[in-house]
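Residue numbers begin at 1 in each chain, while the letters A, B, ... track the order of the sequences. Note: hydrogens, waters and symmetry copies are ignored here, and every other heavy atom, side chains too, is used.
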Amino acid sequence: MPGFGMDQAVGWSFVSLAGFIFTYYTIWVIVLPFVEPDQPIHNFFLPRFYAIAGPLVAGVVALALIGAFIIYVSMPKKVKKS
Amino acid sequence: MAIPKLYQWLLAASIFMAAWLSYVAGFFQTNLRQEYHNIILVLPIYLLMAFASYSLALLGYRVATFNDCIDAAEELQEDVKEARKDLERIGYKYASDWQ
């Protein structure tokens with residue numbers, strides 16, 4: 001295996017980020033309803049409303065950015081008059 | 001299988017969404033506990049988040065394990081040298097060798 005370069009660092013940080021997001025969201029959405037509301041673990045999570053609103057807003061923003069990018073790329077280039 | 005993968009996934013997603021929508025719209029009566037009800041309500045977004053995490057992890061893993069194929073490159077260089085020798089043997093002249 002070649003040396004541990006920048007690519008490996010970026011790749012494994014992506015993997016850890018994905019694992020963290022998945023674990024956090026699973027605990028937030030699947031486990032937390034079964035925990036009593038007075039337990040201190042609830043201090044680490046926002047109210048349940050944001051578990052739905054957050055991904056929805058992020059998805060809408062992402063789709064808007066992708067759409068804007070596609071429109072920008074597929075617009076006909078202005079021909080320079082020389 | 002003859003059915004394309006896209007249609008398999010679309011079919012599974014449609015069946016799941018049909019079941020989920022009929023549950024949310026109250027087409028059938030259940031006496032689930034409130035906790036299970038809360039989980040079922042966010043299940044589509046949870047599956048979406050799981051898919052997003054999986055995609056991100058796969059992307060990172062492929063980036064981290066992307067190979068340079070050093071052995072193959074060396075082998076190819078050897079082949080080039082061999083072919084060059086063979087061509088010189090039968091009288092072929094390279095433009096890069098002209099002085």
Please check if atom CD in B:Glu82 has more than 12 non-hydrogen atoms from other residues, nucleotides or ligands closer than 6.0 Å.
-> no
For the residue pair A:Tyr25 and B:Ser53, confirm or rule out a side-chain donor-acceptor distance under 3.5 Å.
-> no
Under the 3.5 angstrom rule, does the side chain of A:Gln8 hit a backbone N or O of B:Ala64 as a donor-acceptor pair?
-> yes
Polar side-chain atom of B:Arg62 near backbone of A:Gly11 as donor-acceptor pair, under 3.5 Å = no
Proximal component of A:Leu32, with respect to chain B [non-hydrogen, under 4.5 Å] | neither
Between chain B and each of A:Phe14, A:Phe20, A:Trp28, count heavy-atom pairs under 4.5 Å; write down the option with the most.
-> A:Phe14
Same apolar cluster (I L V M F W Y, side chains within < 4.5 Å links), A:Phe49/B:Leu43 | yes
CG of B:Leu59 to CG of A:Leu17, rounded to nearest 0.5 Å, is 11.0 Å
Distance (rounded to the nearest 0.5 Å) between A:Phe22 CZ and B:Tyr46 OH = 3.5 Å
In short, A:Arg48 meets B:Asn38 closest at the heavy-atom pair NH2-O, 3.2 Å
Is B:Ile3 reachable from B:Leu10 through a run of hydrophobic residues whose side-chain heavy atoms are each under 4.5 Å from the next?
-> yes
So which heavy atom on B:Ala57 is nearest to which on A:Val15, and how close?
-> O-CG2, 3.4 Å
Does a sphere of radius 6.0 Å around CG in A:Asp38 hold more than 12 heavy atoms from other residues, nucleotides or ligands, not counting ones at 6.0 Å or beyond?
-> yes
More than 12 foreign heavy atoms under 6.0 Å from OH of B:Tyr61: is that the case here?
-> no
Quick one: what part of A:Thr26 sits under 4.5 Å from any heavy atom of chain B, side chain, backbone, both or neither?
-> both
Should the heavy atoms of other residues, nucleotides or ligands under 6.0 Å from CZ of B:Phe28 be counted, would the total exceed 12?
-> yes
Determine, using ring centers only, whether B:Tyr36 and A:Phe34 are less than 6.0 Å apart.
-> yes
With the 4.5 Å side-chain cut-off for hydrophobic clustering, are A:Ile27 and B:Ile40 part of the same group?
-> yes
Hey, quick one: are B:Phe16 and B:Val24 part of the same hydrophobic cluster, counting side-chain heavy atoms closer than 4.5 Å, chains of contacts allowed?
-> yes
Nearest non-hydrogen partners of A:Pro33 and B:Ile39, listed with the distance | CG-CG1, 4.1 Å
